[in-house]
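Notes to accompany the following structure.
The figures here come from the full heavy-atom set of this structure, side chains too, leaving out hydrogens, waters and symmetry mates.
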Amino acid sequence: MKEEFEKQFLKSQFEVQEQTFQQIGKELHDNVGQLLSTSRMLIGLTERELQNPPDTLLTANATLGQAINEIRSLAKSLDKEWLERFSFSENIQTMIERINAAKDIVVEYIQSVELPLRSDEQIILFRIVQEAIQNAVKHAGPTNMRIAVEANENIYLITVSDNGRGFDVGSVSKSMGLANMEHRVQLLQGTIHFNSIAEGGTTVAIRLPLKTEEP
């Protein structure tokens, strides 16, 4: 009875948390997002009225646009229905577009096979790959990156490669969250391998068991 009580209590906590997240997401999208969109529209009108709008005004407009996109993404992440339809491929491509837009790094994405994973599994995989990309951008200073999703014999192979500075995997496992990535891959019944060389270049290889789509 104690175990069942704890189970139901935890379930109730998640339900309350889910309702709260949905409400926050709705407020972000319908209220805060609309206020920012209106502000950006007014700035845009002011720009068109000025013959030579100052750089600060142009920067403010671009920053507001970025803030609006961030809020939309956050609102989506708090929405249960969106999470249930989560697509690894779509979200990785969106992330890559944002990186490429900065024009500091060129990221290539190749997907030769669909991943028949449940939405919750795709979310976990996305977080793993996202962390690998962020680690490279933050610590390695690459100019080129490549993310690939392929099928190889009896496994799915997802790789994140970059041409940035290499690192000692053993010495930075805690600071770069590599242990957390390993744990998440284990939840997917897969393995992860980090290959990095001092001369430059790192590859993160994620291997997941090959399986067919559920009926």
Side-chain angles (χ1 to χ4, degrees), residues 14 70 73-74 76-77 82-215:
F14 282 134
E70 292 291 340
S73 296
L74 180 58
K76 283 183 178 180
S77 70
W82 178 80
L83 289 174
E84 289 177 346
R85 300 190 303 270
F86 188 91
S87 167
F88 168 83
S89 176
E90 289 179 6
N91 283 275
I92 283 294
Q93 290 184 66
T94 298
M95 183 179 183
I96 290 172
E97 287 173 3
R98 290 172 58 187
I99 296 174
N100 285 337
K103 299 182 179 179
D104 295 322
I105 307 172
V106 177
V107 185
E108 179 186 16
Y109 180 64
I110 299 172
Q111 181 169 351
S112 61
V113 62
E114 292 296 322
L115 293 170
L117 302 176
R118 301 190 310 268
S119 60
D120 54 348
E121 294 173 328
Q122 292 196 44
I123 291 171
I124 293 174
L125 179 61
F126 173 77
R127 292 293 295 130
I128 297 166
V129 175
Q130 183 185 46
E131 188 156 3
I133 294 171
Q134 290 175 342
N135 280 341
V137 172
K138 183 177 180 180
H139 300 285
T143 57
N144 289 278
M145 294 187 67
R146 181 180 184 271
I147 295 92
V149 178
E150 306 162 293
N152 185 6
E153 296 180 354
N154 63 338
I155 63 167
Y156 291 110
L157 178 63
I158 301 97
T159 55
V160 180
S161 305
D162 70 76
N163 67 342
R165 294 183 297 274
F167 65 94
D168 183 345
V169 175
S171 65
V172 299
S173 59
K174 292 184 179 179
S175 62
M176 293 181 67
L178 304 190
N180 189 41
M181 294 168 68
E182 290 177 344
H183 174 67
R184 284 175 170 166
V185 170
Q186 289 173 3
L187 293 177
L188 299 176
Q189 299 180 333
T191 62
I192 186 169
H193 180 71
F194 305 93
N195 182 26
S196 186
I197 55 176
E199 292 78 9
T202 298
T203 297
V204 179
I206 302 162
R207 292 176 173 82
L208 302 178
L210 192 68
K211 64 179 181 180
T212 57
E213 294 188 32
E214 296 178 1

Grab the two heavy atoms, one from [X] and one from [Y], that are nearest each other, plus how far apart they are.
X    : Y    : answer
A151 : S112 : N-OG, 4.4 Å
S196 : F167 : OG-N, 2.8 Å
D162 : A140 : OD1-CB, 4.0 Å
T202 : G166 : OG1-CA, 4.1 Å
A136 : P142 : O-CD, 3.2 Å

- Message: Quick one, M181 and N135 - any side-chain contact, counting heavy atoms below 4.5 Å?
- Response: yes

- Note, I133 side chain near I99 side chain (heavy atom, < 4.5 Å):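 They are in contact (side-chain heavy atoms under 4.5 Å apart), so the answer is yes.
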
Ignoring hydrogens and geometry, is there a side-chain-to-backbone donor-acceptor pair from [X] to [Y] under 3.5 Å?
X    : Y    : result
N144 : N163 : no
N100 : V107 : yes
E150 : L157 : no

- Could you give me the CA-CA distance, side-chain angles and deciding distance for E90 and T94, then say whether side-chain hydrogen bond (donor to acceptor under 3.5 Å, both in side chains) is met? CA-CA 6 Å; E90 289 179 6; T94 298; over 6 Å; no

Gap separating the [atom1] atom of [X] from the [atom2] atom of [Y], nearest 0.5 angstrom:
X    : Y    : atom1 : atom2 : result
F126 : N91  : CZ    : CG    : 5.0 Å
L188 : R118 : CG    : CZ    : 9.0 Å
S89  : E114 : OG    : CD    : 6.5 Å
R146 : I96  : CZ    : CD1   : 11.0 Å
L117 : L208 : CG    : CG    : 6.5 Å
I192 : R184 : CD1   : CZ    : 11.0 Å

- Partner set under ring-ring contact (aromatic ring centres under 6.0 Å, His included) for F194, not counting sequence neighbours: none

- Where do L125 and E121 land on the side-chain contact (heavy atoms from CB on, under 4.5 Å) test, with the steps shown first? CA-CA 6 Å; L125 179 61; E121 294 173 328; over 6 Å; no

- Message: Run V106 and T143 through side-chain contact (heavy atoms from CB on, under 4.5 Å) and show every step you take.
- Response: CA-CA 6 Å; V106 177; T143 57; over 6 Å; no

- Does the pair H193 and T191 meet the rule for a side-chain contact (heavy atoms from CB on, under 4.5 Å), with working shown? CA-CA 7 Å; H193 180 71; T191 62; over 6 Å; no

- Query: Between H183 and L187, does a side-chain contact (heavy atoms from CB on, under 4.5 Å) hold up when you go through it step by step?
  - Reply: CA-CA 7 Å; H183 174 67; L187 293 177; 4.2 Å; yes

